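Everything below concerns the one structure shown next.
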Number of protein chains: 2
Amino acid sequence: MVTIADVARHAGVAVSTVSYVLSGKRTISTDTRERVQRSVQELGYRPNASARALASHRSNVLALVIPLRTGMHVPVMMQFAAAVVTTARRFDHDVLLVTADEGPDGLERVAQSSLVDALIVMDVELQDERVPVLRELPMPSVLIGYPDDADGLTCIDLDFVAAGAQCVDELADLGHRSLALLGTPSAVYERQTGFAQRTLTGFTEAAERRGVLGVETPCEHTFDAVLQTVEQLLEDHPDITGLVVQNEPIIGPLLDVLRRLGRRVPEDMSLVAICADDVAERQVPQLTSVTIPAEQIGAQAVESLITKLEGGEAPDLTLLPPTLTARGSSAPPHSRPAEPAADR
Amino acid sequence: MVTIADVARHAGVAVSTVSYVLSGKRTISTDTRERVQRSVQELGYRPNASARALASHRSNVLALVIPLRTGMHVPVMMQFAAAVVTTARRFDHDVLLVTADEGPDGLERVAQSSLVDALIVMDVELQDERVPVLRELPMPSVLIGYPDDADGLTCIDLDFVAAGAQCVDELADLGHRSLALLGTPSAVYERQTGFAQRTLTGFTEAAERRGVLGVETPCEHTFDAVLQTVEQLLEDHPDITGLVVQNEPIIGPLLDVLRRLGRRVPEDMSLVAICADDVAERQVPQLTSVTIPAEQIGAQAVESLITKLEGGEAPDLTLLPPTLTARGSSAPPHSRPAEPAADR
DNA sequence: TTGAAAGCGCTAACAG
DNA sequence: CTGTTAGCGCTTTCAA
């Protein structure tokens, strides 16, 4: 293994000089700098990460705490992770994968052993037991999602209240008077997951504001559950013509169920989803949707963290405004097919 | 920050004694051991990871190299990752997430800086440019998948040749004489990805062995592509009654397309998929499938790596035998509906 | 503009 | 069974 001493000897300079050439923390004459750089090249020198971390009190590693087991929106998680890793690399950092299964102890473990310099925590609940731990930790953190009490924390999230409202407005603007929110499985609400609760809030408030009916039901991930939920819904409220869906895995089954029940989309039933764009575009018909800007959130989380690591300030709460893209699944109620082969 | 010296002082012993109590690498009298453990507790001591790594030449971190961008089978990837992290934790290791985007340089970076002790590389191509790098790296690695030349490497994978053959056998046993393999997007074949190539080989050989027609076509992920591919297929080979699918994202659309074309599953068309069990079970009808044992592969990869880190030997190539589970999507050709409400 | 050297916190000989 | 101590490879003062 090539050490910094080897490089120093090869270049005929002091160890500290090599260090400073590499870090750029003090000015070096062009001559020596080039000599050192040549030696680094020739010897194939790579600084030892542990030694560097021990001396500098910086590991250049970020922890990403992610729910790997719970069958949460897997593709969205993956998009987050990809954005986090890519952005971290841009700032010369690596990412340590920590499962949410480890709970609060996991955070303490990686933080207090100085394995990482900072943490990104995903899938935050309204009353999250990790939040008090994060507050006490001697390093910065960013939450994706935000708890009821976000004091002293940096949180980033899509504005799900506004997203829920925007879906209602879109459908109400089209003339729909009776809407339903097909939500996440009930376990997610019981866990008091922020995004689910807040979407519901936005949906309900907007329905009231617009003077339209807004009913709400959770929905499990199996086909049978979707079938039963929708049948029950239409039996209880036969006049429903607009559906807001916040439950990625059931989107396929839902379209199937509507077809079986003889409800054409969008002629008989309009659909607005809250999901990743590529999921919306893959359906037939393509879905009008509010996108979940996973890339943007992930990148922003890393950027805030790096800012904090450098002693800067990051905003307490960043709520990204939702964007609705109208596609083929929403139309005025009881509309006629536009063309003969109407469902494509 | 509490250091090992603080603990030693508090317990009235030498630092080495504390170190040995923690590592268990030499026998300590019950008395001092308990005294040290009490001090560790009281002071809330956590060993510093960098210092430990620097002194012991072991970071206790594994690199997981994963394709985060390419729209590959995302849920399967996630299952792998979960199994890897969980198993690594059982052996007191952490996992560093490295994107395949970084290429061979990424491997060298994390390995030669001693950031990690070992590597797990997913999604290996037949001619993978990372393979020669892995061979030269001064640390163990395990590949998930295997290249053409796997000499001197440790590889773990599902036996996709056998999987392809097993699908053919299942359908041939049911009496089907004309089969098609609906494969991955053509880009995956062009990249010479091992699993796709080998499934094709197994499919083709088995079809020949059984004396049945076995045609093969790649398929992109959009609905239109599925529709067009299937229409073309049935036009070219109207007598096809059995489909083998190795392309998770198109499973939903495919069922949709068959319905539109008036082909009932399994009465008019039998389906056998190669995919995760939960995906197969979520469809209507549930799919007969060969499962991808992601958990098992991920756990096995970590175990092999730990064995090698401890100086042991791991088998060069572990090919897990495929398991086919018969569900509702396969039946003898031109079968009659079993019940009135037959498609559930 | 550069060099010398004192740590960073821990492990693992070596010594008893 | 336990203690002493020399590193591990780097960063960063302090001094020139």
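The chains referred to below are lettered A, B, ... by the order of the sequence lines, with proteins before strands, and numbering in each begins at 1. Quantities reported herein were computed from a predicted structural model and do not represent experimental measurements. Because only heavy atoms are used, hydrogens play no part in the values below, and waters and symmetry mates are left out as well, while side chains stay in.
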If only atom types and distance count, is the side chain of [X] paired as donor or acceptor with the main-chain N or O of [Y] below 3.5 Å?
| X | Y | result |
| --- | --- | --- |
| Arg26(A) | Tyr20(A) | no |
| Asp316(A) | Ala150(A) | no |
| Ser59(A) | Ala53(A) | no |

Would you say a side-chain N or O of [X] is under 4.0 Å from OP1 or OP2 of [N]?
| X | N | result |
| --- | --- | --- |
| Lys25(B) | dA12(C) | yes |
| Ser16(B) | dT2(D) | no |
| Tyr20(B) | dA13(C) | no |
| Ser29(A) | dT2(C) | yes |
| Ser19(B) | dC10(C) | no |

Worksheet entry | Distance (rounded to the nearest 0.5 Å) between Asp94(B) CG and Arg89(B) CZ |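 Interatomic distance, Asp94(B) CG to Arg89(B) CZ, rounded to 0.5 Å: 5.0 Å.
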
Worksheet item: Which distance, rounded to the nearest 0.5 Å, do you find between the CD of Glu102(A) and the OG1 of Thr86(B)?
Response: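 The OG1 atom of Thr86(B) is 9.0 Å from CD of Glu102(A), to the nearest 0.5 Å.
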
Rounded distance (Å) that lies between atom [atom2] of [N] and atom [atom1] of [X]:
| X | N | atom1 | atom2 | result |
| --- | --- | --- | --- | --- |
| Leu22(A) | dT11(D) | CG | P | 7 Å |
| Arg58(A) | dC8(C) | CZ | C1' | 15 Å |
| Asn60(A) | dC10(D) | CG | P | 14 Å |
| Asp6(A) | dC10(D) | CG | C1' | 13 Å |
| Ile28(B) | dT2(D) | CD1 | P | 6 Å |
| Leu54(A) | dG7(D) | CG | P | 17 Å |

Worksheet item: Counting any heavy atom closer than 4.0 Å, what does Thr32(B) reach on the DNA or RNA strands: base, sugar-phosphate only, or nothing?
Response: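 Sugar-phosphate: the residue Thr32(B), judged by heavy atoms under 4.0 Å, touches backbone atoms but no base.
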
Item to complete: Quick one: label Val13(A) by what it contacts on the DNA or RNA (base, sugar-phosphate, nothing), any heavy atom closer than 4.0 Å.
Response: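 If one applies the 4.0 Å heavy-atom cut-off, Val13(A) turns out to touch the sugar-phosphate alone, with no base involved.
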
Fill in: Minimum-distance nucleotide (side-chain atoms of Ala51(B) versus dG9(C), dA4(C), dT4(D))
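In terms of side-chain proximity for Ala51(B), the closest of dG9(C), dA4(C), dT4(D) is dG9(C).
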
Worksheet entry | Options dG9(C), dA12(C), dC10(D), nucleotide nearest the side-chain atoms of Arg52(A) |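 In terms of side-chain proximity for Arg52(A), the closest of dG9(C), dA12(C), dC10(D) is dC10(D).
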
Worksheet entry | Toward the 5' end of DNA chain D, by each residue's nearest nucleotide, Arg33(B) or Pro47(A) |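 Nearer the 5' end of the strand: Arg33(B).
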
Worksheet item: Would you say the base of dG3(D) and the side-chain of Arg26(B) have a donor-acceptor pair closer than 3.5 Å?
Response: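 Side chain to base: pair found, below 3.5 Å.
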
